[in-house]
Participant: 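One structure is given below, represented as structure tokens, and several questions about it will come after.
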2 protein chains.
Amino acid sequence: MARKSASGRIGIADVAVKAGVSHATVSRVMNGNFTVDPDIAARVRAAAAELKYQPNPVGRSLALGKTDTIGIVVPDLANPTFQAILRGLSRAAAQDGYRVLIADSFEVSSEESILAGEARRRCDGLVLCAPRMSDAELEEIAPSLHPLVLINRTTSAPNVPGLVVDYGQGVQDIAGHLVELGHTRLAFLAGPPRSASNEMRLKGLETFRAAHPEVEVTMLEGGSDFDTGHEAVDAVLQSGATGILAFNDLVAMGLMSGLHERGLDIPGDISVTGFDDIPFARYTTPALTTAAVPITELGEQAWHQLRALIRKEENETPGSRYQPRLEVRASTGPAKAPRSTVHG
Amino acid sequence: MARKSASGRIGIADVAVKAGVSHATVSRVMNGNFTVDPDIAARVRAAAAELKYQPNPVGRSLALGKTDTIGIVVPDLANPTFQAILRGLSRAAAQDGYRVLIADSFEVSSEESILAGEARRRCDGLVLCAPRMSDAELEEIAPSLHPLVLINRTTSAPNVPGLVVDYGQGVQDIAGHLVELGHTRLAFLAGPPRSASNEMRLKGLETFRAAHPEVEVTMLEGGSDFDTGHEAVDAVLQSGATGILAFNDLVAMGLMSGLHERGLDIPGDISVTGFDDIPFARYTTPALTTAAVPITELGEQAWHQLRALIRKEENETPGSRYQPRLEVRASTGPAKAPRSTVHG
DNA sequence: GACACGTGAGAAAACGCTTTCTCATTCTTT
DNA sequence: AAAGAATGAGAAAGCGTTTTCTCACGTGTC
């Protein structure tokens with residue numbers, strides 16, 4: 001009879017009893033070890049099937065020293081970028097039989113390293129998206145998190161590949177596109193101050209400024225979401241710029257929404273660009289000119305790098321750099337005759 | 001000296017040696033058991049801190065019979081609805097110290113029950129979003145998945161709460177709104193054929209039809225994403241309807257995009273409605289009239305229900321029903337003089 | 001027909017932790 | 001001052017697997 005073990009769940013012991021063999025033999029059969037007599041193996045399999053036995057993964061994990069699970073730490077699960085990374089990661093990992101444990105830090109970066117540590121201990125490896133964590137802290141915790149893959153960051157700790165999007169090049173491409181359209185007054189609606197990707201954008205803009213001294217580039221404070229863009233309308237108009245580089249698509253959409261409310265025409269009066277090319281970018285009105293980042297692929301690659309690390313293929317952990325692709329849509333157009341600043 | 005255990009990681013044994021006590025005592029201290037002499041406890045804590053000891057969660061899980069992790073099965077991580085559920089679930093669970101393991105079934109419903117079983121075995125409970133799974137299959141696997149919470153479904157298996165959005169009422173509200181605006185010819189752009197939530201919508205429309213025999217309601221085949229909506233333009237126009245109920249916001253956005261391309265004015269020529277009120281719905285042009293579903297809250301409630309089950313508070317597992325709230329925006333307007341069908 | 005050898009399965013250890021059981025010590029109590 | 005109660009820590013038994021170790025049995029060889 002299906003004798004339940006104490007826990008109430010069917011365990012390897014129950015199968016062993018039913019098949020009249022030892023635990024060890026059941027384990028061997030379940031793991032495809034061929035040093036078992038075919039007759040006995042069949043008996044074991046029959047018993048397992050009849051009892052609907054399913055090995056307990058926790059026991060397995062303890063014995064094998066691996067969990068077949070990886071973790072991902074994201075600062076905000078509501079952000080389409082991290083959703084896309086998660087999606088790519090999850091899909092790729094699933095193909096190799098791995099699952100994904102998520103840890104949302106909700107932007108509280110003080111908790112990030114603790115969270116990362118906890119997640120890591122439950123998993124075989126970790127993907128870390130922590131754009132606001134200081135370099136020092138990152139470098140300090142990185143070794144204890146190995147195998148570890150970084151998104152949009154790098155660190156000097158050894159064997160920690162970083163998958164980074166070349167945001168610097170991306171903003172230069174966008175700025176160049178606006179200049180080609182005749183814009184000479186641009187404004188950058190910046191992202192969160194400490195964000196690593198924001199700093200890359202700023203560096204890119206510096207390079208751009210150096211190459212185009214004739215173009216005026218105003219820096220405006222911002223953030224990373226809809227509301228940020230929406231609230232920035234006044235600042236944008238006051239800047240007198242005719243070409244606006246928003247930190248990302250979300251901000252751009254918020255900004256466009258605000259500009260529409262003011263009765264302005266895009267791109268007639270003002271051109272707006274985003275960054276990321278989230279799925280909705282092509283469906284805004286007007287469709288948003290942006291820099292497309294192969295973000296789902298990034299998640300996929302994160303898994304491949306992590307897998308190499310888990311398998312101890314330590315030969316190469318190069319990290320990689322992704323080039324955004326300029327996606328020209330309807331939100332950018334020729335500059336009108338230069339507008340003057342709203343006041344002064 | 002920090003004697004490494006065989007595995008290379010610092011274990012309870014290392015701390016025990018360093019503090020000159022037994023494993024048991026270290027465990028007691030780490031778990032806040034107060035039957036330990038304060039001096040010894042301090043010594044243990046010091047040793048643990050110096051060694052940076054962190055208990056291995058797998059060992060802990062095995063001993064305690066719980067993982068402090070819950071699983072969620074979703075059919076498609078790219079769908080904003082499931083992203084929102086995941087977000088609400090993750091946040092609520094995190095507040096109680098639980099983590100979330102995700103299992104994306106990628107719409108292959110044949111794998112869903114296996115996936116669910118695997119996820120469940122690694123976790124203390126499961127949230128299942130499986131809109132296309134047959135009732136029979138669901139009922140069969142439900143007991144083995146307990147503690148289990150269902151999203152947008154119910155089952156007759158005992159103690160399986162289902163959190164369901166009243167899509168039927170929602171479409172009736174939307175249809176009613178369109179009729180008030182003077183529309184007499186409506187079309188429903190349906191969702192995936194076997195989807196549970198689609199069926200709820202269809203039922204709601206039946207009720208509506210019965211109450212409004214004067215209104216013509218055309219049923220059109222569809223799906224659940226952008227492209228579905230975009231591709232449905234011809235069918236929609238051929239139907240001659242002036243008020244379109246799209247399966248959800250995504251479909252509505254795709255449809256609006258397609259209608260714009262045809263040069264039609266929304267809502268001047270045709271009114272379009274969505275469902276769900278995803279974050280982007282208010283930023284489309286025109287802003288989308290839709291039925292708002294408190295979907296993040298649904299994820300949150302899923303955790304609360306699951307938590308009650310995990311804690312064996314089996315007193316009540318009621319499930320709950322959520323009423324969508326009609327959100328009238330700019331994509332719906334008064335019906336023009338009845339249009340005739342494009343052909344015939 | 002004995003001896004080495006290979007094969008296959010059980011016993012037991014290991015994984016890292018929690019917790020019960022047990023016992024030595026100290027504190028009460030009369 | 002002696003007996004009983006209370007306290008605190010170590011030994012050991014789990015939790016459910018995998019895997020090494022060990023040994024019995026059957027086969028092949030000379």
Side-chain angles (χ1 to χ4, degrees), chain A residues 3-45 47-48 51-69 118 120-124, chain B residues 3-45 47-48 51-69 118 120-124:
Chain A
R3 205 191 54 119
K4 283 177 172 185
S5 78
S7 79
R9 272 196 90 74
I10 292 185
I12 204 172
D14 303 292
V15 180
V17 169
K18 186 167 189 93
V21 297
S22 69
H23 322 273
T25 300
V26 176
S27 173
R28 280 189 273 259
V29 173
M30 300 305 291
N31 291 293
N33 185 324
F34 289 112
T35 71
V36 178
D37 184 300
D39 289 353
I40 295 187
R43 218 165 67 217
V44 169
R45 261 188 280 274
L51 262 39
K52 293 195 203 302
Y53 166 69
Q54 302 286 146
N56 175 329
V58 179
R60 246 178 144 249
S61 289
L62 188 59
L64 293 173
K66 67 194 194 106
T67 61
D68 289 345
T69 301
E118 280 183 357
R120 173 59 187 84
R121 255 170 280 129
R122 292 189 138 70
C123 301
D124 299 343
Chain B
R3 207 189 54 117
K4 286 173 167 185
S5 78
S7 79
R9 272 196 89 75
I10 291 186
I12 204 172
D14 304 291
V15 180
V17 170
K18 185 167 189 91
V21 297
S22 68
H23 322 273
T25 301
V26 175
S27 172
R28 279 189 274 255
V29 172
M30 299 305 291
N31 292 294
N33 186 324
F34 289 112
T35 72
V36 178
D37 184 301
D39 289 353
I40 295 186
R43 218 163 71 217
V44 169
R45 261 187 281 272
L51 262 40
K52 293 195 202 302
Y53 167 69
Q54 302 286 147
N56 176 328
V58 178
R60 246 178 143 251
S61 290
L62 188 59
L64 292 173
K66 70 199 193 98
T67 60
D68 289 345
T69 301
E118 282 183 355
R120 174 61 187 82
R121 255 170 279 128
R122 291 188 139 68
C123 300
D124 299 343

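Computed from heavy atoms alone, side chains included, the values below leave out hydrogens, waters and symmetry copies. Quantities reported herein were computed from a predicted structural model and do not represent experimental measurements. Proteins get letters first, then strands, A, B, ... in listed order; numbering begins at 1 in each.
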Participant: Asp37(A) has an atom CG; how far is it from atom P of dG6(C), in whole Å?
Facilitator: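 Rounding to the nearest Å, CG of Asp37(A) and P of dG6(C) are 20 Å apart.
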Participant: Do Arg28(B) and dG10(D) share a donor-acceptor pair, side chain to base, under 3.5 Å?
Facilitator: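 By the distance-only test, yes, there is a pair.
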Participant: Of all heavy-atom pairs between Ala19(B) and Ala47(B), which one has the smallest distance, and what is that distance?
Facilitator: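 In terms of heavy atoms, the two residues are closest at CB-CB, 4.0 Å.
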Participant: Nearest whole angstrom, please: distance from the C1' of dG16(D) to the CD1 of Ile10(A).
Facilitator: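 Rounding to the nearest Å, CD1 of Ile10(A) and C1' of dG16(D) are 14 Å apart.
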Participant: If I take atom OH from residue Tyr53(A) and atom CZ from residue Arg45(A), how far apart are they, to the nearest 0.5 angstrom?
Facilitator: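 Here the rounded value is 13.5 Å.
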Participant: How close or far is atom P of dA13(D) from atom CG of Leu62(B), stated in whole angstroms?
Facilitator: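 These atoms are roughly 17 Å apart.
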Participant: Quick one: Asn56(A) CG to dG16(C) C1', roughly how many Å, whole number?
Facilitator: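 To the nearest whole Å, that distance equals 15 Å.
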Participant: Could you state the atom-to-atom distance from NE2 of His23(B) to P of dT19(C) in whole Å?
Facilitator: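 Rounded to the whole Å, the gap is 16 Å.
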Participant: Classify Val58(A) by what it touches in the nucleic acid, base, sugar-phosphate, or nothing, heavy-atom distance under 4.0 Å.
Facilitator: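 The answer is nothing, as Val58(A) stays clear of every strand by at least 4.0 Å.
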Participant: Specify the residue among Arg60(A) and Thr35(B) whose closest nucleotide of DNA chain D lies further upstream toward the 5′ end.
Facilitator: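 Counting from the 5' end, the first nearest nucleotide belongs to Thr35(B).
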Participant: Which nucleotide in the set dG10(C), dT19(D), dT18(C) lies at the smallest distance from any side-chain heavy atom of Ala63(B)?
Facilitator: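 Taking heavy atoms from C-beta onward, the closest nucleotide is dT18(C).
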Participant: Take the protein atom CG of Asn31(B) and the nucleotide atom C1' of dC17(C), then report the distance between them rounded to whole Å.
Facilitator: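 After rounding, the gap between these two atoms is 9 Å.
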Participant: Is there a side-chain hydrogen bond (donor to acceptor under 3.5 Å, both in side chains) between Asn31(B) and Arg60(B)? Walk through the geometry before answering.
Facilitator: CA-CA 11 Å; Asn31(B) 292 294; Arg60(B) 246 178 143 251; 2.8 Å; yes
Participant: What nucleotide, of dA11(C), dT17(D), dG10(D), holds the atom closest to the side chain of Ile12(A)?
Facilitator: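 That would be dT17(D).
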Participant: Within a strict 4.5 Å, meaning less than it, do heavy atoms of the Ile12(A) and Pro55(A) side chains meet?
Facilitator: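 No, every pair of side-chain atoms sits at 4.5 Å or beyond.
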Participant: Given atom CD1 of Ile40(A) and atom P of dT7(C), what is their separation to the nearest angstrom?
Facilitator: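 In whole Å, dT7(C) P lies 16 Å from Ile40(A) CD1.
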Participant: Figure out the NZ/P separation between Lys66(B) and dG16(D), and round it to whole Å.
Facilitator: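 Distance check: Lys66(B) NZ to dG16(D) P gives 16 Å.
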Participant: Compare every heavy atom of Val44(B) with every heavy atom of Val15(B), then report the nearest pair and how far apart it is.
Facilitator: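 Heavy-atom minimum between the residues: CG1-O, 4.1 Å.
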Participant: Taking only the side-chain nitrogens and oxygens of Thr25(B), find out if one of them lies under 4.0 Å from OP1 or OP2 of dA9(D).
Facilitator: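 So the side-chain polar atoms of Thr25(B) never come under 4.0 Å of the phosphate oxygens OP1 or OP2 of dA9(D).
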Participant: Between Tyr53(B) and dC17(C), is there a contact of a side-chain N or O with OP1 or OP2 at under 4.0 Å?
Facilitator: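 True: Tyr53(B) side-chain N/O within range (under 4.0 Å) of dC17(C) OP1/OP2.
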